[in-house]
Amino acid sequence: MDILRLTNEPLSLESISKEVGSDDCGAISSFCGTTRNSFEDRQVVRLEYEAYEEMAVSEMKKICGALREKWSLKHIAIYHRLGVVPVGESSIIIAISSCHRRDSLEAVAHAIDALKARVPIWKREVYAEGGGAEWKQNAECHWRQKAKGS
Amino acid sequence: MDILRLTNEPLSLESISKEVGSDDCGAISSFCGTTRNSFEDRQVVRLEYEAYEEMAVSEMKKICGALREKWSLKHIAIYHRLGVVPVGESSIIIAISSCHRRDSLEAVAHAIDALKARVPIWKREVYAEGGGAEWKQNAECHWRQKAKGS
Amino acid sequence: MPAAADVTLLLFAKARELVGSPQVSVSVPTECSGAELRELLVQTYPQLATLQGTFILAVNQRYLEADESVTIRRGDEVAVIPPISGA
Amino acid sequence: MPAAADVTLLLFAKARELVGSPQVSVSVPTECSGAELRELLVQTYPQLATLQGTFILAVNQRYLEADESVTIRRGDEVAVIPPISGA
């Protein structure tokens with residue numbers, strides 16, 4: 001089962017972890033991305049996220065398909081938060097269950113990389129003290145890399 | 001900060017994750033090992049764990065030292081449950097925070113491997129329907145591997 | 001004149017800010033490449049010029065590579081996608 | 001007779017079940033290798049024979065390799081450690 005959600009609500013690692021839990025699997029690996037309080041010496045007040053929602057979910061489904069081709073996984077949950085995400089709170093939680101830990105550990109690392117490369121979600125970083133705001137770009141964005149290479 | 005605990009109480013991924021969270025770090029990776037309901041076609045009723053507690057904590061500290069030599073980590077939490085762990089509940093939670101995700105993702109994978117190889121904790125698997133109980137052995141136990149090699 | 005189709009153009013993040021709207025209607029050729037379509041959109045919306053070279057397009061929620069050809073029909077959804085920054 | 005010391009012997013998991021106690025007092029040589037100490041403990045507690053070849057020892061909470069020499073003092077803590085199965 002793939003559980004893919006875009007939500008404006010705070011994310012709960014406990015409940016997402018329980019969603020992927022299964023009595024016949026012994027491993028749950030997860031990754032939690034949170035809002036940091038600074039970026040290159042500038043104080044971050046909050047992040048604001050927006051998404052091309054339908055396409056984001058579609059791209060997440062493709063990621064799940066690719067993960068399942070490579071690893072033996074039970075459940076995959078990918079939750080991305082939209083709207084304002086204050087400092088210290090989670091913008092992304094990925095949790096994956098498997099019978100053997102290697103599968104879910106490797107799959108989680110791959111999932112976050114793939115999400116940062118392909119899922120159409122954008123982050124605006126808002127700074128303190130009149131420092132303004134800025135749309136960010138993932139280093140992993142899959143066409144930024146192509147542009148660099150050409 | 002290293003948070004190392006052996007406890008007979010249920011483990012909470014949410015609260016352990018919060019313990020390692022930090023406003024200046026954007027990544028928390030975690031691993032959760034749970035009691036599976038079967039082992040090689042036998043139905044497992046529960047697991048029972050015991051530890052050489054002082055040495056277990058000492059070995060966990062060594063693991064943390066090794067992790068910090070290789071990766072840039074903020075906080076490391078390793079919680080292992082002792083006593084009875086029913087099916088579906090967690091026996092181990094490892095959560096690690098870092099500024100960059102690669103560090104905590106790789107460190108968690110390494111931590112669980114190192115724990116299974118070196119930390120003196122033992123698991124007794126109790127089976128259903130008069131199937132008895134059995135002390136288990138990790139494939140990763142560091143001297144089982146040496147014995148095989150010689 | 002090659003055939004054209006009226007489509008919905010979705011704009012996100014910086015693109016939305018530059019154009020001043022999250023979506024507009026626009027006429028595009030029914031047969032073209034990603035690069036051609038991108039060029040045409042910048043001509044139609046010069047405000048996107050500062051993003052040129054960094055944005056990519058999606059047609060009906062599917063990424064369109066610069067060297068890829070696509071058939072577009074009336075009512076299709078085209079999206080301007082600036083470099084992503086999810087998670 | 002080489003010098004001897006009385007130590008606390010801790011027993012865990014299967015070893016505890018075999019010997020029937022979590023800890024006992026035992027006299028061991030003050031200088032020996034891991035292999036020698038293990039051999040002596042199996043002689044002292046034949047119940048451990050079924051674990052021979054699979055257990056390792058720890059002295060004062062530190063693993064003792066078979067080919068490693070150790071100095072043991074009165075009151076030290078020696079542990080019989082069957083193959084581990086944590087997590």
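Computed from a predicted model, the values in this text were never measured in an experiment. What you see below is based on every heavy atom in this structure, not just the backbone, and it leaves out hydrogens, waters and symmetry mates. Residue numbers start from 1 in every chain, and the chains themselves are labelled A, B, ... in the order their sequence lines are given, proteins ahead of strands.
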Exercise. Among B:Gly88, B:Gly21, B:Ala27, which residue forms the greatest number of heavy-atom pairs with chain A at distances under 4.5 Å?
Worked result: B:Ala27
What are the sub-3.5 Å donor-acceptor pairs between chain B and chain A, distances to 0.1 Å?
residue	atom	partner	partner atom	Å
B:Ser12	OG	A:Glu14	OE1	3.0
B:Leu13	N	A:Glu14	OE1	3.1
B:Glu14	N	A:Glu14	OE1	2.7
B:Glu14	OE1	A:Ser12	OG	3.0
B:Glu14	OE1	A:Leu13	N	3.1
B:Glu14	OE1	A:Glu14	N	2.8
B:Asp23	O	A:Asn37	N	2.7
B:Asp24	O	A:Arg36	NE	3.4
B:Cys25	O	A:Thr34	OG1	3.0
B:Gly26	O	A:Thr34	N	2.8
B:Ile28	N	A:Cys32	O	2.9
B:Ile28	O	A:Cys32	N	2.8
B:Ser30	N	A:Ser30	O	2.9
B:Ser30	O	A:Ser30	N	2.9
B:Ser30	OG	A:Ser30	OG	2.7
B:Cys32	N	A:Ile28	O	2.8
B:Cys32	O	A:Ile28	N	2.9
B:Thr34	N	A:Gly26	O	2.8
B:Thr34	OG1	A:Cys25	O	3.0
B:Arg36	NE	A:Asp24	O	3.4
B:Asn37	N	A:Asp23	O	2.7
B:Arg101	NE	A:Asp113	OD1	3.2
B:Arg101	NH1	A:Glu140	OE2	3.2
B:Arg101	NH2	A:Asp113	OD1	2.6
B:Arg101	NH2	A:Glu140	OE2	2.9
B:Arg102	NH2	A:Asp113	OD2	3.1
B:Asp113	OD1	A:Arg101	NE	3.2
B:Asp113	OD1	A:Arg101	NH2	2.6
B:Asp113	OD2	A:Arg102	NH2	3.1
B:Glu140	OE2	A:Arg101	NH1	3.2
B:Glu140	OE2	A:Arg101	NH2	3.0

For this session: State the CG-CD1 distance between A:Leu13 and B:Ile28, to the nearest 0.5 angstrom.
Result: 8.0 Å
